[in-house]
S.K.: 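I have a structure I would like to understand better, so I am pasting it below and will then ask my questions one at a time.
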Amino acid sequence: MSRTIPTAANAPAQNLRAQAMPNQSTLEDRQSIADLMTGWIHRDLAEWDKLRELFHPDGTVEISWFEGLAADFVDGSMRMGKSDLRTKHVVSAPVVTFNGNKALVETNAVVVAENVRLDLGCSTHARFYDQVEKRNGAWKIAKRQGIYDFSYFNFPQGVVEIDRELIKKYPREYASLAYLLERSGFPVKRVFATKGSDLEKTMKANGQVWLAA
């Protein structure tokens, strides 16, 4: 019976293939992190205890209408859930960069929102930029930040009048979302990162420093 013996020529290719094949532990870590991202459905379904479980106890959130502890974000989301504003998030598969028990995660998301009293809605294409950590054997979000790519209005019952002066307060990339949030009682209080902005570059540079530490 003949046997193929690796040669010097094909050994490097075999090494590269071995490096490219993730082990079972890595696959499980990736799945756990992907479940955190798609777990945002708990917010849309008003499953507040399950939403809290996505975060470490000291986890923080920095998105359009909220900055602070994740626990307070859930409380704010509960208030939003009782208002005229309703939202839905469509979340894609994440891009994950590991360093031991830390990972940076970037995930495309579409935020669909509607204020039923105003008959006005919007669709916003954004990205979650997350720092996640594995503590006590469990991956959870340590810090969630938002980056905004573009946004536009939806008119569920036909075109309604928009206050164009109010829209001008916000960057074009999330102006319609910010407008709807403000009119719904959840104002955006500062400028947030948009695609290609200096804020996005700084956010990602800080993320790399955190990952390497």
S.K.: Same cluster or not: Ile63 versus Met78, using hydrophobic residues (I, L, V, M, F, W, Y) connected whenever any side-chain heavy atoms lie under 4.5 Å apart?
M.R.: yes
S.K.: If I take atom CG from residue Leu177 and atom OG from residue Ser123, how far apart are they, to the nearest 0.5 angstrom?
M.R.: 10.0 Å
S.K.: Is the CD1 atom of Ile167 crowded by more than 12 outside heavy atoms at less than 6.0 Å?
M.R.: yes
S.K.: Assess the residue pair Val61 and Asp72 against the criterion (side-chain contact (heavy atoms from CB on, under 4.5 Å)); give the C-alpha distance rounded to whole Å, side-chain angles, the decisive distance to 0.1 Å, and a yes or no.
M.R.: CA-CA 9 Å; Val61 177; Asp72 295 332; over 6 Å; no
S.K.: Identify the heavy atoms of Ala103 and Val96 that sit nearest to each other, and give their distance.
M.R.: CB-CG1, 3.9 Å
S.K.: Compare every heavy atom of Ala142 with every heavy atom of Arg135, then report the nearest pair and how far apart it is.
M.R.: NH2-CB, 4.2 Å
S.K.: Would Leu166 and Val188 show up in the same hydrophobic cluster when neighbours are defined by side-chain heavy atoms closer than 4.5 Å?
M.R.: yes
S.K.: Please name the pair of heavy atoms, one in Leu51 and one in His42, separated by the smallest distance, quoted to 0.1 Å.
M.R.: N-CB, 3.9 Å
S.K.: Check whether any side-chain N or O of Ser92 sits under 3.5 Å from a backbone N or O of Asn108 as a donor-acceptor pair, and report yes or no.
M.R.: yes
S.K.: Kindly say whether Ser151 contributes a backbone atom to a donor-acceptor pair with the side chain of His125 at under 3.5 angstrom?
M.R.: no
S.K.: Specify the closest pair of heavy atoms between Ala113 and Leu85, including all atoms of both residues, with the distance to one decimal.
M.R.: CB-CD1, 4.2 Å
S.K.: Between OG of Ser25 and CZ of Arg30, what distance do you get to the nearest 0.5 Å?
M.R.: 11.5 Å
S.K.: Which other residues belong to the hydrophobic cluster containing Val90, where Ile, Leu, Val, Met, Phe, Trp and Tyr are joined when side-chain heavy atoms lie under 4.5 Å apart, directly or via other members?
M.R.: Val110, Val112
S.K.: Could you grab the distance from atom CH2 of Trp65 to atom OG of Ser184, nearest 0.5 Å is fine?
M.R.: 11.5 Å
S.K.: Would you give the length of the straight line joining atom CZ of Phe98 to atom CG of Asp29, rounded to the nearest 0.5 angstrom?
M.R.: 5.0 Å
S.K.: Are the side chain of Asp44 and the backbone of His89 linked by a donor-acceptor contact shorter than 3.5 Å?
M.R.: yes
S.K.: Quick one: are Val105 and Val95 in side-chain contact, heavy atoms under 4.5 Å?
M.R.: no
S.K.: I'd like to check Glu67 versus Lys189 (side-chain heavy atoms, cut-off strictly below 4.5 Å). Are they in contact?
M.R.: no
S.K.: Looking at Ala193, is its backbone amide N or carbonyl O close enough to the side chain of Ser197 to form a donor-acceptor pair, meaning the two atoms are under 3.5 Å apart?
M.R.: no
S.K.: So does Val132 get a backbone contact from the side chain of Asp130, meaning a donor-acceptor N/O pair under 3.5 Å?
M.R.: no
S.K.: Does some side-chain heavy atom of His56 sit less than 4.5 Å from a side-chain heavy atom of Ile141?
M.R.: no
S.K.: Run the side-chain contact (heavy atoms from CB on, under 4.5 Å) test on Val159 and Phe153 for me, step by step, so that the C-alpha distance in whole Å, both residues' side-chain angles and the decisive distance to 0.1 Å come before the verdict.
M.R.: CA-CA 10 Å; Val159 177; Phe153 284 111; over 6 Å; no
S.K.: Decide yes or no on salt bridge (Lys or Arg N to Asp or Glu O under 4.0 Å) for Glu133 and Lys143, but give the supporting numbers first.
M.R.: CA-CA 9 Å; Glu133 290 186 72; Lys143 185 175 185 177; over 6 Å; no
S.K.: Considering residues at least two apart in sequence or located in another chain, which fulfil the side-chain hydrogen bond (donor to acceptor under 3.5 Å, both in side chains) criterion with Arg127?
M.R.: Glu106, Asp149, Glu200
S.K.: What are the two closest non-hydrogen atoms of Val191 and Pro171, and how far apart are they?
M.R.: CG1-CG, 4.2 Å
S.K.: Side chain of Tyr174, backbone of Phe192: donor and acceptor closer than 3.5 Å?
M.R.: yes
S.K.: Are the side chains of Thr194 and Leu199 in contact, using a 4.5 Å heavy-atom criterion?
M.R.: no
S.K.: Please step through side-chain contact (heavy atoms from CB on, under 4.5 Å) for the pair Glu53 and Lys140, ending with a clear verdict.
M.R.: CA-CA 8 Å; Glu53 285 299 310; Lys140 294 189 179 185; 3.1 Å; yes
S.K.: For the residue pair Thr87 and Arg43, confirm or rule out a side-chain donor-acceptor distance under 3.5 Å.
M.R.: yes
S.K.: Could you state the interatomic distance from CG (Leu69) to OG1 (Thr60), rounded to the nearest 0.5 Å?
M.R.: 7.5 Å
S.K.: I'd like to know whether CZ of Arg164 has more than 12 heavy-atom contacts from other residues, nucleotides or ligands below 6.0 angstrom.
M.R.: no
S.K.: Give, for atom CG of Asn206 and atom CD of Gln131, the distance between the pair rounded to the nearest 0.5 Å.
M.R.: 8.5 Å
S.K.: If you compare all heavy atoms of Lys134 against all heavy atoms of Gly137, which two are closest, and at what distance to 0.1 Å?
M.R.: CE-O, 3.7 Å
S.K.: Quick check: is Leu118 connected to Val111 through a chain of hydrophobic side chains (ILVMFWY, heavy atoms under 4.5 Å apart)?
M.R.: no
S.K.: Tell me whether Arg144 forms a cation-pi arrangement with Trp40, defined as NZ or CZ under 6.0 Å from the six-membered ring centre and within 45 degrees of its axis.
M.R.: yes
S.K.: Would you indicate whether the side-chain heavy atoms of Leu36 and Trp139 approach each other to under 4.5 Å?
M.R.: yes
S.K.: If only atom types and distance count, is the side chain of Asn154 paired as donor or acceptor with the main-chain N or O of Pro156 below 3.5 Å?
M.R.: no
S.K.: Considering residues, nucleotides and ligands other than Arg183, do more than 12 of their heavy atoms fall under 6.0 Å from its CZ?
M.R.: no
S.K.: List the steps, then state whether ring pair (Phe, Tyr, Trp, His ring centres under 6.0 Å) holds for Trp210 with Tyr129.
M.R.: CA-CA 13 Å; Trp210 170 84; Tyr129 189 71; 9.4 Å; no
S.K.: Side chains of Phe66 and Leu181, heavy atoms from C-beta outward: is any pair under 4.5 Å?
M.R.: no
S.K.: Could you walk me through whether Gln145 and Lys204 pass side-chain contact (heavy atoms from CB on, under 4.5 Å), step by step?
M.R.: CA-CA 10 Å; Gln145 297 171 281; Lys204 291 189 171 181; over 6 Å; no
S.K.: Are Phe73 and Trp48 an aromatic pair by the rule of ring centers under 6.0 Å?
M.R.: no
S.K.: If we count only N and O atoms by modelled type, under 3.5 Å, do the side chains of Ser32 and Asp35 hold a donor and an acceptor together?
M.R.: no
S.K.: Are Val116 and Leu120 co-members of a hydrophobic cluster defined by side-chain heavy atoms under 4.5 Å apart?
M.R.: no
S.K.: So does Ser64 get a backbone contact from the side chain of Tyr148, meaning a donor-acceptor N/O pair under 3.5 Å?
M.R.: yes
S.K.: Salt bridge or not for Asp163 and Lys168, using N-O below 4.0 Å?
M.R.: no
S.K.: Indicate, with yes or no, if Phe150 and Leu180 share a hydrophobic cluster defined by side-chain heavy-atom contacts under 4.5 Å among Ile, Leu, Val, Met, Phe, Trp and Tyr.
M.R.: no
